[in-house]
Amino acid sequence: MVSFELNGKDVSVDVPEETPLLWVLRDELQMTGTKFGCGIAQCGACTVMLNGMTRRSCVTPVSMVDGSSVTTIEGIDGPEAEAVQAAWEGLDVPQCGWCQSGQVMSATALLMEIPKPSDEDIDNAMAGNICRCATYVRIRKAIHDAADKLEG
Amino acid sequence: MRKTILTAALLCAAPAFFALPTLAETVNGLRTVDEFDGIEDQTERSVALFSEMMAVIEHPRCLNCHPVGDTPRQGMDMHPHVPPVVRGDADFGAPGMRCNTCHGEENFAFSTGEGSIPGHSPWQLAPIEMGWVGKSASEICAQLKDPARNGGKDMDALHEHNATDGLVGWGWEPGKGREPAPGTQEIFGQLTKAWIETGSACPEG
């Protein structure tokens with residue numbers, strides 16, 4: 001049995017300890033906002049927050065999160081997350097949308113550490129989040145817009 | 001541990017009138033300290049011991065995380081890390097994309113096919129002043145002995161690091177599909193100790 005906090009609520013799952021967290025989120029806990037993209041930590045679609053830091057859930061054994069706090073796209077909140085989601089809506093960032101929950105998680109994590117990121121900061125933070133629709137220009141603009149909004 | 005007599009096959013095949021070559025006993029491609037006992041000059045022996053340590057130091061399993069720039073390498077061909085990542089202020093990646101965004105406390109097999117993502121706690125780059133890629137044995141030797149470029153270690157601490165550090169040790173236990181560093185960490189530690197005890201001499205540039 002593995003127990004952890006998911007989006008502020010305590011959950012327990014009875015699965016083999018090597019089961020990827022992504023499988024647990026989607027199949028056991030019905031949190032399907034987090035997507036499967038590649039399964040090998042190359043695309044970023046499965047990004048969640050583990051104890052406040054980005055984590056690829058497809059390569060995370062569920063045993064690793066026992067006793068930890070996991071936040072998914074369904075539960076992320078706070079000023080940075082709200083600014084990111086508003087900027088995403090404002091620019092219609094998503095196209096097909098598959099990668100976007102991962103993009104939002106990484107963008108939020110970046111702004112939590114660097115409130116006013118440069119293009120280079122954005123490139124470094126977002127390099128592991130691939131978008132097959134190539135919405136990268138809008139993603140970068142939206143992160144800048146979110147930073148401006150946070151700055152007031 | 002499997003021992004390999006490098007010259008065994010050669011000896012079997014060699015015509016009897018050839019002079020017998022010197023036996024070189026290795027463990028997974030790394031000579032053990034006793035192989036250097038025949039070198040009488042202490043400084044020469046020290047240099048030879050360091051040259052053997054270089055077989056480990058120069059292996060991609062070790063070099064990949066000792067870049068001289070800001071990009072880790074991967075694989076035996078030492079290609080740039082994929083996805084693209086940067087060193088960051090603490091040798092631990094960029095805000096939003098730290099090493100532990102993907103790397104965990106131990107290797108984790110992919111659920112969708114062959115392979116695994118490497119892991120260890122900690123998992124991070126060697127500091128840039130400890131970069132080795134592209135440097136000569138002489139340069140690396142001087143660097144290893146310089147506390148300003150070895151993490152403030154004296155020679156005892158350097159031996160301890162080579163002989164027992166867990167992340168260094170991962171190089172010999174990299175998991176299925178990855179070639180381990182030559183020898184074992186134990187032998188690497190013994191070579192380091194013997195190199196230090198013989199004066200930690202460096203090869204000439």
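- Side chain of A/Arg56 to main chain of B/Asn100: no donor-acceptor pair is present (N/O by atom type, distance under 3.5 Å, no hydrogens or angles).
- Using a 4.5 Å cut-off between heavy atoms, A/Cys58 touches chain B through its backbone atoms (N, CA, C, O) alone.
- Note on A/Asp123, A/Val59, A/Leu111: by heavy-atom pairs under 4.5 Å with chain B, the leading option is A/Val59.
- By number of non-hydrogen pairs under 4.5 angstrom with chain B, the leading residue of A/Ile40, A/Asp121, A/Leu110, A/Asn129 is A/Ile40.
- At most 12 heavy atoms of other shown residues, nucleotides or ligands fall within 6.0 angstrom of atom NZ in B/Lys193.
- Residue contact with chain B, scored on non-hydrogen atoms closer than 4.5 Å, is absent for A/Thr47.
- Counting non-hydrogen atoms of other residues, nucleotides and ligands closer than 6.0 Å to CD of A/Glu17 gives a total of 12 or fewer.
- Taken from CZ in B/Phe110 to SG in A/Cys38, the straight-line distance is 8.0 Å, to the nearest 0.5 Å.
- Looking at every heavy atom in both residues, A/Trp23 comes nearest to B/Thr112 through CH2-CG2, 4.2 Å.
- Nearest heavy atoms, B/Pro95 versus A/Ala125: O-CB, 3.2 Å.
- Closest heavy-atom contact between A/Ala127 and B/Pro83: O-CB, 4.2 Å.
- Other residues, nucleotides and ligands place no more than 12 heavy atoms under 6.0 Å from the CD atom of B/Glu186.
- Summarising the geometry, atom OG1 belonging to A/Thr54 is positioned 7.5 Å from atom CE belonging to B/Met97; distances are rounded to the nearest 0.5 Å.
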**OP:** Take A/Gln42 and B/Val82 through the side chain to side chain contact (heavy atoms under 4.5 Å, CB included) test and state the conclusion after the steps.
**Re:** CA-CA 7 Å; A/Gln42 291 291 309; B/Val82 181; 3.1 Å; yes
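- Shown here for B/Gly96 and A/Ser106, the closest heavy-atom pair between the two residues is O-OG, 4.4 Å.
- Within 6.0 Å of CD on B/Glu105 lie no more than 12 heavy atoms contributed by other residues, nucleotides or ligands.
- For CD of A/Gln30, the number of neighbouring non-hydrogen atoms (other residues, nucleotides, ligands) closer than 6.0 Å is greater than 12.
- More than 12 heavy atoms of other residues, nucleotides or ligands shown are found within 6.0 angstrom of CG on A/Asp119.
- Atoms NE2 and CZ, on B/His103 and A/Arg55 in that order, are 9.0 Å from each other to the nearest 0.5 Å.
- Residue B/Glu106 places its CD atom among 12 or fewer non-hydrogen atoms of other residues, nucleotides or ligands, all under 6.0 Å distant.
- Counting heavy-atom neighbours within 6.0 Å of B/Glu173 CD, excluding the residue itself, gives a total of 12 or less.
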